[in-house]
Amino acid sequence: MNDGPKYGFDTLQIHAGARPDPATGSRQTPIYQSTAYVFRDAEHAAALFNLQEVGYIYSRLTNPTVAVLQERVATLEGGVGGVCCSSGHAAQIMALFPLMAPGLNVVVSTRLYGGTVTQFSQTIKRFGWEATFVDFDDLDAIKAAIDDNTRAVFCESIANPGGYITDLDAIAAIADAAEIPLIVDNTTATPYLCRPIEHGATLVVHSTTKYLTGNGTVTGGCVVDSGKFDWSANDKFPSLSAPEQAYHGLKFHETFGPLAFTFHGIAIGLRDLGMTMNPQAAHYTLMGIETLSLRMDRHVENATKIAQWLEADDRVDYVTYAGLESSPYYDRVAKICPRGASGLFTFAVKGGYDACVKLVNALEIFSHVANLGDARSLIIHSASTTHRQLTVDQQRAAGAAPEVVRVSIGTEDVNDLIADLDQALSKAVS
Ligand SMILES: *Cc1c(COP(=O)(O)O)cnc(C)c1O
């Protein structure tokens, strides 16, 4: 079932991509724990390998359980296709891989998940790719950073860790004018709160590890394609527009039209990079996704109450939650994520770095972990953990200054969470 416009989000998060198992009638999507699939005959095998017929060959490329998740995430995002990967970071490489080549660059926001800053500022250089970091509230700076070698613009819809909201429409217009795709990491928002494709994004990437799974069990990622980009408008994207030697000169865009990026992701990306999601992980994420909207509503409700409580507390310097009227990003909530600003934000503790460390140690319900988007409330002192590879200037630019802690507000009883923060702040700030 993939009838996006016909059904509402709450229906699609349970049904999209799934149907009763054709062999057994199994109502829940089975975990197809199989590496390979038997060909009907030699002709069938040849057609599959030539990409003339769609089907299952080998689970590095496609697996029936993973395929349900791919279709579900793509449907919830309003895209035409999705490719699941082993992690969110794998999804980012899979999104860039068809676009980039040595000497080319991607223009990216300074406000990104710490691991993404490291991936883009250090690791992709080994592929000969460059990332140019820009403040995405400065539209002129984005335009100035785009040059003839730029092949994509990359940002987060709600940026981890600060909870900043990106003006996706304005940035999509800049990418459009430069004839390059906008890639949006929608991990923190999820498609329930924000649908980047409706704001002009070409590709959406996810760490399904976070809210989509929602229970902290498995890592995973997904790349969703809007199907709207014309890869053949110029010669910037030869992987999609020019003949592919490995498939007898087949041109992905000409052959697969709006599904070109998705087919390339499977037939080249997963085939050769091998960053495949396993069917067990897809199963856990499918279980989680069924309750996505219910959880996100509670995350938003709890985060709003806790952010308001912290903002009024003398032991706290400031709170970055975009759902607070005091936030410079408050106006963007209505435009970009009208159902709320997710459950992730930072706050600055009076007493700086040392007080943050004491706070983290004193909390009882909040867990000190490097994760977010769990039903459990989580806290991390980013400067001493996820962002410690960055310089202090990079930490501040990313919203992870030394005096700041990041919380991912869970779906527990909000009064218990506030009481926990209250007792721990008393110990941290004297
Ligand atoms: C966690 C995260 C990632 C990386 O995802 P993994 O599944 O940990 O590889 C990327 N972007 C954001 C916004 C994240 O929160």
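One-based numbering, in listed order, for ligands and for the atoms of each. These figures come from a predicted structure and were not determined experimentally.
With hydrogens and angles left out, the side-chain atoms of D225 and T262 include no donor and acceptor closer than 3.5 Å. Side-chain atoms of R388 and S384 include no donor-acceptor pair closer than 3.5 Å.
Put simply, no part of A91 is less than 4.0 Å from ligand 1, judged by heavy atoms. Ligand 1 lies within reach of L372, whose nearest heavy atom is under 4.0 Å from it.
Proximity to G220 (heavy-atom distance under 4.0 Å) selects the following atoms of ligand 1: 7 (O). Residue-ligand proximity, S87 to ligand 1, at heavy-atom distances under 4.0 Å covers atoms 7 (O), 9 (O). Counting atoms of ligand 1 from 1 in the listed order, those under 4.0 Å from a heavy atom of E156 are 13 (C).
You'll find the ring centres of Y164 and Y329 inside the 6.0 Å limit.
Protein heavy atom at the shortest distance from atom 10 (C) of ligand 1 is Q92 OE1, 3.3 Å. The protein heavy-atom contact nearest to atom 1 (C) of ligand 1 is K210 NZ, 1.4 Å. At the shortest separation from atom 6 (P) of ligand 1 among protein heavy atoms lies G88 N, 3.3 Å. Atom 4 (C) of ligand 1 has H89 ND1, 3.4 Å as its closest protein atom, hydrogens excluded (heavy atom only). Of all protein heavy atoms, the one closest to atom 11 (N) of ligand 1 is D185 OD2, 2.7 Å.
With hydrogens and angles disregarded, a donor-acceptor distance shorter than 3.5 Å links the side chain of R295 to the backbone of Y211. Checking side-chain atoms of H206 against main-chain N and O of V73 turns up no donor-acceptor pair under 3.5 Å. The closest donor-acceptor contact from the side chain of T116 to the backbone of L112 lies at 3.5 Å or more, if one exists at all. No donor-acceptor pair closer than 3.5 Å links the side chain of R406 to the backbone N or O of S382.
In this structure, the separation between OG on S226 and CD on E198 is 11.5 Å, given to the nearest 0.5 Å.
Neither the backbone nor the side chain of T219 has a heavy atom within less than 4.0 Å of ligand 1.
Considering backbone and side-chain N/O of A90, none are found under 3.5 Å from N/O of ligand 1. Residue contacts with ligand 1: T209 is placed with a nitrogen or oxygen under 3.5 Å of a nitrogen or oxygen of the ligand (distance criterion only).
The aromatic rings of F256 and F263 sit parallel to each other, their planes meeting at less than 30°, with 60° as the upper class boundary.
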